[in-house]
Amino acid sequence: MRFLLVSALCFLLARTASVQAADCGCSGTDCRCCGTTSPVADGEIPQLIVLSFNEAILNDTFSNIWQPLLFDRKNPDGNPDLYVQGFEIGSNSITGNSSSQYWSEATEETLVKEFQGARTPQLQLQGDVSINAYITSGLQYDSSWTSRSTKAVFPYTLDYVDSHCQECRLGTTCPSDTHAGFWIAPIIDLQGNNSDECAALSGCNIRGTADEISAWLLEQVDRGRSSNKAPLTLLVPTGWFRATENSYEGFQKFLDTLGSYNDVFLVSQKQVLDWMNNPVTLDQFQTEVLERTSNCTEVNCRLENSEGQIRYMYSCVPCPDKYPWLDDPLGE
Ligand SMILES: *[C@@H]1O[C@H](CO)[C@@H](O)[C@H](O)[C@H]1NC(C)=O
Ligand SMILES: *[C@@H]1O[C@H](CO)[C@@H](O)[C@H](O)[C@H]1NC(C)=O
Ligand SMILES: *[C@@H]1O[C@H](CO)[C@@H](O)[C@H](O)[C@H]1NC(C)=O
Ligand SMILES: *[C@@H]1O[C@H](CO)[C@@H](O)[C@H](O)[C@H]1NC(C)=O
């Protein structure tokens, strides 16, 4: 363990020394320099917030948590939030393997198999290997790279390498090559219990009444909202609602209060990136409304996985032959 820590440190030092901060000269769409300066030069800035749920879509979670929590809400422009948009579906890998060694040692080939929609499991970005695997898998952005609560970085692309902009934190390998047009949507840390920096709400170890939890969440939003208004990505693990008393009610109150602010919008990550490409002021900002319909008549599929175990899965299309997994994402 100690050896690992030391080698990570040496690596960081070596990297900082060898990579020159290139002068970033972005223009046009899908190119944006890393930094804490808002793309809106003049006028009021909308505060965009992405709620990010990290797990597989299970009926229980969907029906009992996401639907009651989110489906009746409206943004300040009168448009519904995430519901009508359809949640944007990202990828947190196929296996979700809980071994951190698996992710730190995975080859690009393995990662492509894992990602083929983006977040690296356990926020363990593996530098250029991860980014190349995303690009090969057709993904357009990563949202796994954390930034300190005191340095609220706006989303940016990897057209230029600026190793001084977003800190490469211990345990993470950061990309050092350029990847034109590929977006990084940073996760700005929160300040948890004892002001510990934390990314996912569950990692912040905040306890209290629903009012206290809600007040803490509002403080986190207000830190950015009263400064540069960089978009926030809140990682909301469903397990937090189960493990921490009053967290569900607290989160609900928090969303209720956000709903009364005229500058706060709950949006998808894609809308954040669209705004970065076309950074309009608050009075011009409009959430996009997609008319989505679904004609799903669900079927319950009883499938065998590669180890011969039985798995159940609901599907809107006819059942696949096999349980979809690595090397066989379509279950063929
Ligand atoms: C999904 O969960 C809801 C609420 O718990 C339940 O009413 C419904 O029957 C479940 N649907 C399926 C397909 O299991
Ligand atoms: C997780 O990775 C380990 C190797 O690090 C492997 O032995 C295990 O089978 C993997 N589990 C899953 C669910 O893929
Ligand atoms: C911080 O954590 C301690 C230990 O778990 C807990 O007793 C305390 O209530 C927490 N404080 C807050 C503000 O959540
Ligand atoms: C849903 O079904 C209706 C009626 O069968 C059909 O008119 C409509 O085009 C379908 N919509 C989609 C998105 O498939």
Side-chain angles (χ1 to χ4, degrees), residues 4 53-71 87 91-116 120-122 124 126 129-130 133 149 189-198 200-220 222-223 238-251 253-254 294-319 322-329 331:
L4 277 178
F53 302 89
N54 231 349
E55 42 279 292
I57 305 169
L58 302 179
N59 181 45
D60 174 43
T61 317
F62 188 85
S63 312
N64 297 316
I65 298 183
W66 297 341
Q67 193 166 28
L69 197 57
L70 301 170
F71 281 19
F87 285 84
S91 167
N92 194 4
S93 81
I94 288 180
T95 66
N97 197 315
S98 60
S99 148
S100 51
Q101 199 182 356
Y102 175 80
W103 295 108
S104 62
E105 292 174 356
T107 60
E108 188 176 320
E109 191 191 355
T110 302
L111 292 179
V112 170
K113 289 179 187 170
E114 289 277 8
F115 298 140
Q116 275 192 347
T120 297
Q122 310 178 20
Q124 261 181 297
Q126 220 204 108
V129 176
S130 294
S149 61
D189 272 354
L190 311 176
Q191 292 175 8
N193 201 330
N194 287 321
S195 300
D196 286 346
E197 297 271 314
C198 47
L201 299 187
S202 54
C204 299
N205 191 27
I206 292 291
R207 283 157 212 283
T209 61
D211 282 332
E212 286 165 341
I213 290 175
S214 166
W216 168 71
L217 286 162
L218 289 169
E219 247 174 67
Q220 304 310 308
D222 281 336
R223 183 174 315 110
T238 303
W240 183 55
F241 294 134
R242 302 213 168 88
T244 301
E245 218 179 325
N246 304 323
S247 58
Y248 183 82
E249 293 74 16
F251 196 73
K253 274 176 192 271
F254 161 67
S294 125
N295 283 355
C296 180
T297 310
E298 65 197 18
V299 280
N300 192 0
C301 308
R302 181 181 188 276
L303 302 169
E304 217 174 89
N305 71 6
S306 55
E307 268 119 56
Q309 296 158 333
I310 298 300
R311 292 276 182 276
Y312 290 90
M313 178 185 101
Y314 285 102
S315 174
C316 296
V317 294
C319 295
K322 290 269 177 197
Y323 190 71
W325 204 243
L326 281 191
D327 287 320
D328 187 15

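Side-chain atoms are counted along with the backbone in the values below, which use heavy atoms only and exclude waters and symmetry mates. Remember, it's 1-based here, ligands and their atoms both numbered in the order they're listed.
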Which residue and atom name correspond to the protein heavy atom nearest [atom], and how close is it?
atom                    : value
atom 9 (O) of ligand 2  : N97 ND2, 4.8 Å
atom 2 (O) of ligand 1  : N59 ND2, 2.5 Å
atom 14 (O) of ligand 3 : R207 N, 2.7 Å

Fill in: atom 5 (O) of ligand 2: any protein heavy atom closer than 4.0 Å
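Yes, there is one.
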Practice prompt. Determine, counting only non-hydrogen atoms of the protein, whether one lies under 4.0 angstrom from atom 11 (N) of ligand 2.
Written response: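 Yes.
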Fill in: T238 OG1 to F62 CZ distance, which is reported to the nearest 0.5 Å
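Nearest 0.5 Å value for the OG1-CZ distance: 12.0 Å.
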Worksheet item: Taking atom CD of E249 and atom CZ of F241, what is their separation to the nearest 0.5 Å?
Response: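 Rounded to the nearest 0.5 Å, the CD-CZ separation comes to 9.5 Å.
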What atoms of ligand 1 come within less than 4.0 Å of a heavy atom belonging to [X]?
X    : answer
S63  : 1 (C), 2 (O), 3 (C), 4 (C)
E298 : 13 (C)
N64  : 5 (O)

Worksheet item: Does CD belonging to Q101 count more than 12 external heavy atoms closer than 6.0 Å?
Response: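 12 or below, so no.
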Fill in: Centroid-centroid distance, F254 to F251, less than 6.0 Å
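Yes, close enough.
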Discussion item. Testing the basics here: between L201 and W240, what is the closest heavy-atom pair and its distance to 0.1 Å?
Written reply: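 Residues L201 and W240, closest heavy atoms: CD1-CZ3, 3.6 Å.
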Worksheet item: Any chance the side chains of R207 and N205 put a donor and an acceptor closer than 3.5 Å?
Response: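 Judged by distance alone, the side chains do pair up.
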Worksheet item: Contact between Y314 and ligand 1, counting heavy atoms under 4.0 Å?
Response: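 Per 4.0 Å heavy-atom rule, Y314 contacts ligand 1.
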Practice prompt. Closest by any non-hydrogen atom to atom 3 (C) of ligand 3: pick that one out of T244, N194, D196, N193.
Written response: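 Ranked by closest heavy atom to atom 3 (C) of ligand 3, first place is N193.
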Worksheet entry | side-chain contact (heavy atoms from CB on, under 4.5 Å) evaluation trace for T61 with F53 | CA-CA 10 Å; T61 317; F53 302 89; over 6 Å; no
